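Since the model is a prediction, treat every value here as computed from it, not as a measurement. For ligands, and for the atoms within them, numbers begin at 1 and follow the listed sequence.
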Amino acid sequence: MFETGLSKTQIQTVALTSTAILLGAVWMARPSSFLFPLQQHEHHCRCFPGDDCWPSLEEWADFNKTIGGKLISTIPIASPCHDSFPGVDYDPDKCAQIRANWERPEFHIETTHSPMAALFANLSCDPFTPRDAQCIVGAYVPYVVNASDADDYRKTIAFVKERNIRLVIRNTGHDYMGKSTGAGALAIWTHNIKERSILDYTSAGYTGKAMKIGAGVLSSEAIEMAKAEGLVVVGGDCPSVGIAGGYTQGGGTSPLSTKFGLAADQVLEWEVVTGKGELLTATPTQNQDLYWALSGGGGGTYGAVLSMTVMLHRDGPTAGATLSFTEPSDKFWDMVKVFLMNLPAVLDAGASLYAWYLPGNTFLISQSYLLEGTSQDLQRLLQPTLKALDESGILYTWEGHDYPTFQDAFYTQNPKQDVAEINLGGRLIPRSLMKSNDSVDSLVDALKSIVDNGGMMATVCADTTHPPTFPNSAHPAWRETLFLVFLYTIYDRYNMTTNILNKQKVTNVLDPALVKLTPGGAVYLNEADNNHPDWPDAFYGPNYPKLAAIKKMYDPEDIFWGPTAVGREMWEIATDGRLCKVGP
Ligand SMILES: Cc1cc2nc3c(=O)[nH]c(=O)nc-3n(C[C@H](O)[C@H](O)[C@H](O)COP(=O)(O)OP(=O)(O)OC[C@H]3O[C@@H](n4cnc5c(N)ncnc54)[C@H](O)[C@@H]3O)c2cc1C
Ligand SMILES: *[C@@H]1O[C@H](CO)[C@@H](O)[C@H](O)[C@H]1NC(C)=O
Ligand SMILES: *[C@@H]1O[C@H](CO)[C@@H](O)[C@H](O)[C@H]1NC(C)=O
Ligand SMILES: *[C@@H]1O[C@H](CO)[C@@H](O)[C@H](O)[C@H]1NC(C)=O
Ligand SMILES: *[C@@H]1O[C@H](CO)[C@@H](O)[C@H](O)[C@H]1NC(C)=O
Ligand SMILES: *[C@@H]1O[C@H](CO)[C@@H](O)[C@H](O)[C@H]1NC(C)=O
């Protein structure tokens, strides 16, 4: 997710040397209804490859003609690593390249089907399994439409409706919840919708520079366009996240969030094709309910977004600094306590930073940002922590820099982000925990227990508490959040049993340490445990009923569906991967 400054092998090494407690709980820790026996009644399910109702090759070809030849059938990304995919030969050189590139986001983004979170590919055609292991389309979407406009969206939606086929929206494939893939689904692939432009925007609530951004534009592409005009756009810490897709629709945290808020807080307009096939513009005053839902209520749920228009802000000199120390004894946690107690003041002064807690008691601020400030300012803001370190005799490294623009600070501190091969959990930590000495102590104890149990954490420390210019559906807990915990164990490329156990550990041991401190609290819907037992409350909070009602209005036939998305409870994935309606 974020660049640590440590190499992945270093992190893995620390992970391995720490005590790993693997619990023998069962895989069914996910909501018990998630997997269930194959539905006998096909009319309750979406048509699946092999079913009588699945379109014949001729019917796919006819559909292909109606969309100008933009239909692509899936050839799994790692098929050259195996013998068995029809029409693709085993090729050891190609396979070596696939393996070498596997951790590069761009490698997956350019494909029509590969999710970065390998778990959701269900080993269908994995580059790290033996040559004679299966290579099938399996959990990948079998077909995508290489979409370029609203017409492609509309025709695809009409086709899946008519043929009762599951629909998926795939943009970059970054999603951690498994929303951008799906067995037996036809996907709208938005990657090539690259239109973007800078506007002088005027509306009742906002007058100023704005950017209209097509569905397939990456965060980095929007950032670069803004930079050329001396402006900044609120984008992800990972430059290859799709800015108008799951990122902004799910809320969207940014190094710029302390200054300007969440990505969803920036939105002025959405252009969207609904489940009814209508192309609508949604703004704070027009189709207001749809605007509200799309701005923070989760991707792939209410409609297929064609573009969004967002506020831009003036760029400026930006300070950055990094800090790291390792201390095996419990003195480490005393330092963490000082840092945490100091954090509200750091954010209140306009800074944001990414702080890591790693096995072996390593603390790391990998990136920090202070717009219109200097590295001396940052050093002064973090002085209580630095002073405590000096007094304790713990060795640390502190490095401050002054950059001419935000983008210089961003790309220097954050040059390259890998696909995060992890089993994910997480939580929003409210500012209220800072109010008493006891609650800070219990937070430190929780972080310590997670690290001692082999968990790793990146925390996004940014002030998201300012109310947005226009009301939106980002979880209200964001307005009380001190930082987001992105909690994980390492994904094992070679042993799925280990992943299952490590995922259970996240669900049953690591996440609960934070849940205990924040009962009834929230997670970030894009960065949490997809098996979280408190779904949907933790993901959507009090917004859920209203979001569900809006979904019903714009997508009455549940064309859009995704694990952990609003409306998820109406449908289930059967053991063979097909999507079936719940209930009689
Ligand atoms: C390495 C890495 C770093 C990350 N860093 C950050 C970060 O700094 N801040 C942050 O907030 N998040 C971050 N994320 C999480 C990220 O926001 C989510 O993974 C998000 O879902 C990515 O959106 P996407 O459109 O690029 O991905 P996809 O996986 O392609 O899509 C994700 C979801 O959005 C839906 N969607 C995509 N496009 C559309 C559309 N046009 N219309 C409707 N629905 C659509 C899809 O249906 C799917 O449900 C990171 C993820 C990774 C893997
Ligand atoms: C769709 O049509 C185009 C153009 O004729 C062709 O190149 C492509 O292979 C077709 N797609 C499928 C899945 O057959
Ligand atoms: C998808 O369409 C774009 C044009 O929008 C084209 O440039 C690109 O080559 C197509 N991709 C594939 C894989 O067909
Ligand atoms: C706060 O907690 C620390 C232990 O972490 C303790 O030494 C200190 O006395 C406490 N302060 C107050 C005001 O309770
Ligand atoms: C996979 O991991 C499990 C649990 O960690 C272990 O028991 C098993 O031996 C491992 N399998 C292989 C092939 O290494
Ligand atoms: C995952 O793969 C297994 C083994 O190939 C298969 O039996 C199962 O149906 C797949 N699950 C899903 C949800 O696709």
Within the protein, residues bringing a heavy atom under 4.0 Å of ligand 3, chain by chain: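 Under the 4.0 Å cut-off, ligand 3 touches I72, N146, N192.
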Give a yes-or-no answer on whether the side chains of T507 and D529 include a donor-acceptor pair shorter than 3.5 Å.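 Yes, D529 and T507 have a side-chain donor paired with an acceptor closer than 3.5 Å.
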Decide, based on the SG atoms alone, whether C53 and C47 are under 2.5 Å apart.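 Cysteines C53 and C47 qualify as a disulfide pair, their SG atoms being under 2.5 Å apart.
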Under 2.5 Å between the sulfurs of C135 and C81, yes or no?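 No - the two cysteines, C135 and C81, have SG atoms at least 2.5 Å from each other.
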Distance flag, aromatic centroids of F48 and W54, threshold under 6.0 Å: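 No, ring centres 6.0 Å or more apart.
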Flag T498 as yes when one of its N or O atoms lies below 3.5 Å from any N or O atom of ligand 5, and as no otherwise.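 It does: an N or O of T498 is found under 3.5 Å from an N or O of ligand 5.
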Taking 4.0 angstrom as the limit and counting only heavy atoms of D576, give me the atoms of ligand 6 inside it, by number and element.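 Near D576, meaning under 4.0 Å from one of its heavy atoms, ligand 6 has 9 (O).
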Enumerate the atoms of ligand 5 whose separation from the nearest heavy atom of N495 is less than 4.0 angstrom.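 Going through ligand 5 atom by atom, the ones under 4.0 Å from N495 are 1 (C), 2 (O), 3 (C), 8 (C), 10 (C), 11 (N), 12 (C), 14 (O).
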May I ask you to test the W102-F128 pair for a side-chain heavy-atom distance under 4.5 Å?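 Yes - at least one pair of side-chain heavy atoms lies under 4.5 Å apart.
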For ligand 5, which atoms have a heavy atom of L501 less than 4.0 angstrom away?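 So the atoms of ligand 5 that pass are 4 (C).
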Flag for E269-T283: side-chain donor and acceptor within less than 3.5 Å: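 Side chains of T283 and E269: no pair found under 3.5 Å.
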Within a distance under 4.0 Å of any heavy atom of N122, pick out the atoms of ligand 6 and give their elements.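 Result: 1 (C), 2 (O), 3 (C), 8 (C), 10 (C), 11 (N), 12 (C), 14 (O).
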Under the side chain to side chain contact (heavy atoms under 4.5 Å, CB included) criterion, do I450 and L487 qualify, and how do the steps go? CA-CA 9 Å; I450 290 167; L487 183 167; 3.8 Å; yes
Any chance you could lay out the ring pair (Phe, Tyr, Trp, His ring centres under 6.0 Å) test for F486 and Y176, step after step, and finish with the verdict? CA-CA 12 Å; F486 178 96; Y176 287 117; 5.7 Å; yes
Using a 4.0 Å heavy-atom cut-off, say whether L123 meets ligand 6 through its side chain, its backbone, both or neither.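 Contact part for L123 vs ligand 6: neither.
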